[in-house]
2 protein chains.
Amino acid sequence: MPCGSCEREAVKPPVPSRRDAIADDLRERIATGRLKPGDRLPSEAHLAAQYMVSTPTLRNALAVLQAESLVEKVHGKGNFVRRPLRRITYRGGGRTPGTQAVDLAPLSVTVHTTRVRARGHLTALLRTPTGSPLTEILCLGHEGDRPHSLARIYIPCDLAPAAVLRESLPYEGVLTRLMELRPPLAEVREEIGVRCPTPDEASTLRISSALAVLAVTRQTTDTAGRVVEAALLVLPGDRADAVFTTHHVIDERLAEG
Amino acid sequence: MPCGSCEREAVKPPVPSRRDAIADDLRERIATGRLKPGDRLPSEAHLAAQYMVSTPTLRNALAVLQAESLVEKVHGKGNFVRRPLRRITYRGGGRTPGTQAVDLAPLSVTVHTTRVRARGHLTALLRTPTGSPLTEILCLGHEGDRPHSLARIYIPCDLAPAAVLRESLPYEGVLTRLMELRPPLAEVREEIGVRCPTPDEASTLRISSALAVLAVTRQTTDTAGRVVEAALLVLPGDRADAVFTTHHVIDERLAEG
DNA sequence: GAGTGGTCTAGACCACGAG
DNA sequence: TCGTGGTCTAGACCACTCA
């Protein structure tokens, strides 16, 4: 038990560090609207002078706010208050054709398909030998000018004929086309984890490599037990949620039948 | 586009920073087993001299490895190579009595129940007016001596009678007891997000406050549409996954029937 | 070229852990 | 007490952006 005499803030540092004090102050300024979304903060040198700390200390304070995705650093321009983010909701589980996995409302998706060969994790996910041919569908979701979500979908080649890829349909077109070609599905397994983005992912999604991402690995199996799709989704952790809804009535109806 | 002439490593820094170079070297040493789990690294001063950098730079390199949860810092003792972590799997969705949400294999759970009153997010989650009485069940999972997972379960008081709480059953006992008392369930909604731990959570789980956590918000509804349970689970992001398996055969059987 | 953030230095002083 | 990590300083130099 920590001593009860400290009237400070958190349990961690009995003496609140300058860094956290500054971060708290700026956080307050943002919360109360004295600093508005999109605003540029004073320069780091200016802020350092204002708070009477050295530049590294001030930068540490900004790093805290950056990790909370309240502040965005732009090299050569300044530090900016982030605009409130529209949340991304990944809907897992019982999807029916016509339901989108991700809310696509104000979203445009860039699709790029290539042929690749299974290797590494993919062979395990697809239960396929190393080197077997796959179609990779790379989907990059945009909201306005900002990248938003990243999906890599892998499908055995015989289920994703070249015709589908050449037609250069929009995102939704490709997906519905693939659904039609697919044998009836038996099971969807979705695994959700947290990790730091790879450098690629960080630059593609334009997020700090310090910001954790929500990684969804989806494995879809048909009634014959064959894996017909493996999908790797990456969503920025500060904006994304995954939602799963399970209806137990179904189980009960089955039990009764 | 960055210049094509750089044969360096990532896209991010065309000139690899000393920090990343050192982090890479130490990561390599760990990966190849030259530094083994549990080992103490040389002191920061020693490492700084060895790499011929200043202490802050070396500390930045260690911070990278810490964020990757490869290295654990212990104030006053040193930096240690983390032991490989047993992964925590949260199983969501269609649970039946007898199936655990979290693999409890080598796990002990400390339970603590209190009466609280609904406020803030809880009122929305439980669809209950502010101030209505709730039973809070605080579960802290341990693996050996290390905390492992944190769950706060909220239940309307009438569904969690005092008898259950006073019996001071072990974790599993409490849960099965509650299940028996519960009306048949209709729906489970699970929302999964990523965030930084609160200072409380960080110290309870003994994780760095920089390490993101997987936060699961579970809302369980009975057949009458009443929310009979809200659960807030917090799992350390470096060890935890959530897995959801959806069987589509069920839907098809229903459609056929 | 002026202004910005990004990285780094070579120290200082404090807080914690163990003997 | 000693060695450890935690925080901080007051600069330096480089890279990026924009006029």
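Convention: sequence-line order gives letters A, B, ...; per-chain numbering from 1. We use all heavy atoms of the structure for the numbers below, so side chains are in, but hydrogens, waters and symmetry mates are not.
Residue A/Lys77 places none of its side-chain N or O atoms closer than 4.0 Å to OP1 or OP2 of D/dC16. Regarding contacts with the backbone of C/dT4, every side-chain N or O of A/Asn79 stays at 4.0 angstrom or more from both OP1 and OP2.
Going from atom CZ of A/Phe80 over to atom C1' of C/dG3 covers 12 Å, rounded to whole Å. Atom NE2 of B/His46 and atom P of D/dC2 are 21 Å apart (whole Å). Taking atom CG on B/Leu47 and atom P on D/dG5, their separation rounds to 8 Å, with Å as the unit. Computed from coordinates, the B/Leu41 CG to D/dG3 C1' distance equals 16 Å when rounded to whole Å. As rounded to whole Å, 15 Å separates atom C1' of D/dG6 from atom CZ of A/Arg18. A straight line from CZ of A/Arg19 to P of D/dT9 spans 12 Å, rounded to a whole angstrom. Between the C1' atom of D/dC16 and the NE2 atom of A/His75 lies a distance of 4 Å, rounded to the nearest Å.
Two residues are said to be in side-chain contact when any heavy atoms from C-beta on lie closer than 4.5 Å; B/Val234 and B/Arg152 meet this criterion. Between A/Phe80 and A/Val74, some side-chain heavy-atom pair lies under the 4.5 Å cut-off. Residues A/Pro197 and A/Ile207 have side chains in contact (heavy-atom distance under 4.5 Å, counting atoms from C-beta outward). With contacts defined as side-chain heavy-atom distances shorter than 4.5 Å, the pair B/Thr217/B/Gln219 does not qualify.
Applying the 6.0 Å contact sphere to CD of A/Gln50 captures more than 12 heavy atoms from other residues, nucleotides or ligands.
By the 4.0 Å N-to-carboxylate-O rule, A/Asp24 lies close enough to A/Arg27 to be salt-bridged with it.
At a non-hydrogen distance threshold of 4.0 Å, A/Met52, A/Val53, A/Ser54, A/Thr55, A/Pro56, A/Thr57 from residues 51-72 of chain A come into contact with DNA chain D.
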